[in-house]
Amino acid sequence: MRIIIIGAGPGGYETAAEAASRGIETILISEGPLGGTCLNEGCIPTKALCAMDAPDQERKEAVISQLQAGIAQLMRHKLITLVDGRAKLISPRSVEAAGTVYEADAIIIATGSMSASLPIPGAELAIDSSAMLNLTTVPGRLCVIGGGVIGLEFASIYRKFGSSVTVLEFCPGILPRFDTDLAKRLKASLVKRGITIETSARVTSITEGKVHWTKGDKEFDTEADCILMAVGRRPNLASLDLDSLGIAHSPRGIAVDANMQTNVPGVYAVGDITGGMMLAHVASAQGRRALNHICGTPDGIDFSVVPAAVFTVPEAACAGKTEEECEGIEIVTGKANYRANGKAVASGEADGWCKIIAEKASGRIIGAHILGAHASDLIHEAAVLIALGATARQACDIIHAHPTLSEVLYAALAGCAKAIG
Ligand code: NAD
């Protein structure tokens with residue numbers, strides 16, 4: 001069997017490596033660098049900056065190069081052919097790139113997304129997250145448009161670097177898709193660290209060094225040396241002529257079924273190009289699902305329990321349902337604070353909180369929300385419990401080591417079990 005994968009981000013290169021390990025001949029076509037947005041201008045460089053006290057481009061580039069070399073090594077598999085160039089869909093079984101037509105039994109499109117902007121006067125005076133990663137100096141005043149994941153991560157990073165930071169968010173709260181309880185607490189923590197956050201703020205225009213916005217019927221200006229536009233990302237649809245093959249899509253992404261197959265049999269799409277949860281780990285899981293369908297091997301990947309993390313200071317993470325998504329379900333919650341945890345206090349990381357949501361009737365854990373140090377790692381215990389259908393009481397029968405931050409989760413689970421009675 002032979003497959004063609006278009007795009008070398010996590011959805012593309014991880015699927016290529018997996019396919020080759022299963023003995024499938026794989027042609028990986030990409031016009032961008034190996035690792036895609038995640039490695040080159042997303043997750044990884046951002047995390048490199050998170051670990052610095054001042055922007056250090058040399059260190060950031062070294063991290064990217066090291067990881068890129070690792071992927072290049074993986075792609076040297078004898079069953080993988082790497083093609084550098086823009087792919088053109090010829091038929092549901094063939095793609096042209098770099099002057100050659102490649103034939104395959106199936107095609108997986110994994111061409112990712114790009115930063116979105118606002119259709120407002122002066123939008124070109126703002127920079128996007130990719131440009132933000134390349135700054136060599138720290139702006140005195142940073143204005144971030146959008147209080148979503150990208151906006152808040154850069155707000156945290158540059159606040160730590162010493163910038164005076166203002167975040168302008170259109171919705172009534174930051175992180176609109178997250179649990180409201182978690183988002184409110186994160187906002188309070190960020191404000192305590194000196195970040196100004198304006199919600200229900202409608203940005204109307206940008207002029208040299210100034211962002212103009214309204215709240216209700218009042219008008220405001222925020223002066224800034226650097227303006228970051230972080231109002232979402234949109235799928236990279238323009239680089240492919242999807243209409244030539246009749247592949248169904250909307251501006252929000254390529255339409256796919258549960259197996260990641262498009263309306264054209266044999267053509268699949270995974271990752272940001274499908275417009276769902278724009279997360280690297282979702283893209284690679286979707287790639288595995290597509291590959292499993294191509295191979296006829298069903299899997300049990302649970303796309304309803306996707307852990308997500310925001311690398312602010314403090315970190316925020318969640319898995320399963322938010323309290324708002326539980327409307328119509330009778331639930332109980334268990335909450336615990338980091339300040340009651342020995343390890344958190346001892347290590348000076350006592351600003352944090354955890355909430356577990358369980359279904360009252362069954363006792364099963366259905367949601368977890370953590371704010372605080374190492375939330376991005378701690379969330380996986382909750383994800384496992386949710387995915388395996390554990391009850392809060394069963395989870396409390398699992399011994400948690402002392403002194404660890406995992407005991408915060410344990411305390412919230414215990415609160416939940418008690419509330420169930
Ligand atoms: P986002 O959708 O998370 O946030 C965009 C924010 O901008 C929203 O809060 C939205 O209400 C706000 N907004 C929209 N229009 C606005 C306006 N006119 N004025 C002010 N605010 C406005 O998008 P993002 O932060 O750009 O991130 C893009 C994607 O990348 C997301 O899907 C995100 O999950 C993903 N991402 C994930 C991580 C991570 O998992 N750690 C990190 C970075 C990006």
Side-chain angles (χ1 to χ4, degrees), residues 9-11 36-50 112-123 126-133 143-157 166-178 180 182-184 186-187 190 196-206 211-215 220 222 224 227-236 252-253 271-285 306-319 370 375-377 379-380 383:
T37 300
C38 166
L39 174 56
N40 297 283
E41 44 193 22
C43 321
I44 300 301
T46 318
K47 261 77 273 169
L49 289 186
C50 282
S113 63
M114 62 206 290
S115 296
S117 188
L118 291 177
I120 53 166
I127 61 172
D128 67 8
S129 55
S130 306
M132 194 73 200
L133 285 166
C143 180
V144 178
I145 305 174
V149 181
I150 293 182
L152 296 179
E153 288 188 354
F154 278 107
S156 265
I157 290 168
T166 301
V167 176
L168 303 175
E169 165 58 46
F170 179 73
C171 290
I174 58 168
L175 293 180
R177 283 187 293 265
F178 283 64
T180 305
L182 177 92
K184 278 188 183 155
L186 175 62
K187 183 179 174 209
L190 296 176
T196 301
I197 300 179
E198 298 287 354
T199 51
S200 303
R202 177 190 289 271
V203 175
T204 50
S205 66
I206 302 174
V211 179
H212 307 274
W213 53 281
T214 60
K215 186 168 182 160
F220 300 89
T222 295
I227 301 160
L228 167 64
M229 183 74 79
V231 294
R233 294 181 65 84
R234 57 187 168 85
N236 272 332
R252 296 175 61 192
D272 289 9
I273 191 72
T274 62
M277 275 184 270
M278 292 192 175
L279 299 170
H281 48 286
V282 169
S284 41
V306 175
V310 190
F311 295 87
T312 39
V313 182
E315 287 183 0
C318 59
I370 309 175
S376 59
D377 298 310
I379 197 65
H380 290 89

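Counting starts at 1 for both ligands and their atoms, following the listed order.
- In this structure, the side chain of Glu315 engages the main chain of Ser376 through a donor-acceptor pair within 3.5 Å.
- Annotation for ligand 1: atoms under 4.0 Å from non-hydrogen atoms of Ala230 are 5 (C), 6 (C), 7 (O), 26 (O).
- Looking at atom 26 (O) of ligand 1, its nearest protein heavy atom turns out to be Gly232 N, 2.9 Å.
- When each atom of ligand 1 is checked for a heavy atom of Leu168 under 4.0 Å away, the hits are 20 (C), 21 (N).
- How far CE of Met277 is from CG of Asp272: 11.5 Å, rounded to the nearest 0.5 Å.
- If you check which protein heavy atom lies closest to atom 13 (N) of ligand 1, you get Val231 CG1, 3.9 Å.
- Short contacts between ligand 1 and Gly146, defined as distances under 4.0 Å to a heavy atom of the residue, involve ligand atoms 7 (O), 12 (C), 21 (N).
- Between Val310 and ligand 1, not a single N/O pair is under 3.5 Å apart.
- Between Thr222 atom OG1 and Ile227 atom CD1 the span is 9.5 Å, to the nearest 0.5 Å.
- Protein heavy atom in closest approach to atom 21 (N) of ligand 1: Phe170 N, 3.2 Å.
- Contacts between Met277 and ligand 1, counted as non-hydrogen atom pairs separated by less than 4.0 Å, are absent for every part of the residue.
- By the 3.5 Å distance cut-off applied to N or O atoms, Pro176 is not counted among the residues near ligand 1.
- Between Met132 atom CE and Glu153 atom CD the span is 12.5 Å, to the nearest 0.5 Å.
- Annotation: Phe311 places no N or O atom under 3.5 Å from an N or O atom of ligand 1; distance criterion only.
- An N or O contact shorter than 3.5 Å is missing between Lys47 and ligand 1 by distance.
- The distance from ligand 1 to the heavy atoms of Gly148 drops below 4.0 Å at these ligand atoms: 3 (O), 4 (O), 6 (C), 9 (O), 25 (O).
- Inclusion of Val203 in the set of residues having an N or O under 3.5 Å from an N or O of ligand 1 is not warranted.
- Considering backbone and side-chain atoms alike, Ala309 places an N or O below 3.5 Å from some N or O of ligand 1.
- Heavy atoms of Arg202 stay at 4.0 angstrom or farther from ligand 1.
- For Leu118, every heavy-atom contact with ligand 1 shorter than 4.0 Å involves the side chain, none the backbone.
- For the pair Ser117 and Asp128, the minimum side-chain heavy-atom distance is 4.5 Å or more.
- For atom 44 (C) of ligand 1, the closest heavy atom belonging to the protein is Ile150 CG1, 3.3 Å.
- For the pair Val211 and Thr166, the minimum side-chain heavy-atom distance is 4.5 Å or more.
- Listed by atom number, the atoms of ligand 1 under 4.0 Å from Gly147 heavy atoms are 9 (O).
- Between Thr37 and Ser113, the closest heavy-atom pair is OG1-O, 4.1 Å.
- Residue Cys171 approaches ligand 1 through these ligand atoms, each under 4.0 Å from one of its heavy atoms: 11 (O).
- Residues Ile44 and Cys38 have side chains in contact (heavy-atom distance under 4.5 Å, counting atoms from C-beta outward).
- For atom 29 (C) of ligand 1, the nearest non-hydrogen atom of the protein is Arg233 CD, 3.9 Å.
- The backbone N or O of Pro307 lies less than 3.5 Å from a partner atom in the side chain of His281, making a donor-acceptor pair.
- Contact annotation: the side chain of Cys50 approaches that of Ile157 to within less than 4.5 Å [non-hydrogen atoms, C-beta and beyond].
- Among protein heavy atoms, atom 38 (C) of ligand 1 sits closest to Val149 CG1, 3.2 Å.
- Close N/O approach between Glu169 and ligand 1 is found [any backbone or side-chain N/O within under 3.5 Å].
- To the nearest 0.5 angstrom, His212 atom NE2 is 11.5 Å from Leu168 atom CG.
- With respect to atom 1 (P) of ligand 1, the closest heavy atom belonging to the protein is Arg177 NH2, 3.8 Å.
- Two residues are said to be in side-chain contact when any heavy atoms from C-beta on lie closer than 4.5 Å; Val149 and Phe178 meet this criterion.
- Remark: Phe170 pairs with Arg202 by the side-chain contact (heavy atoms from CB on, under 4.5 Å) rule, at least two apart or across chains.
- Ile150 contributes atom CD1, which lies 5.5 Å from atom CZ of Arg233 (distance to the nearest 0.5 angstrom).
- Ligand 1 lies nowhere less than 4.0 angstrom from a heavy atom belonging to Ala308.
- Here the protein heavy atom with the shortest distance to atom 35 (C) of ligand 1 is Met278 O, 3.3 Å.
- If you take CG on Leu152 and NZ on Lys187, they are separated by 11.0 Å, rounding to the nearest 0.5 Å.
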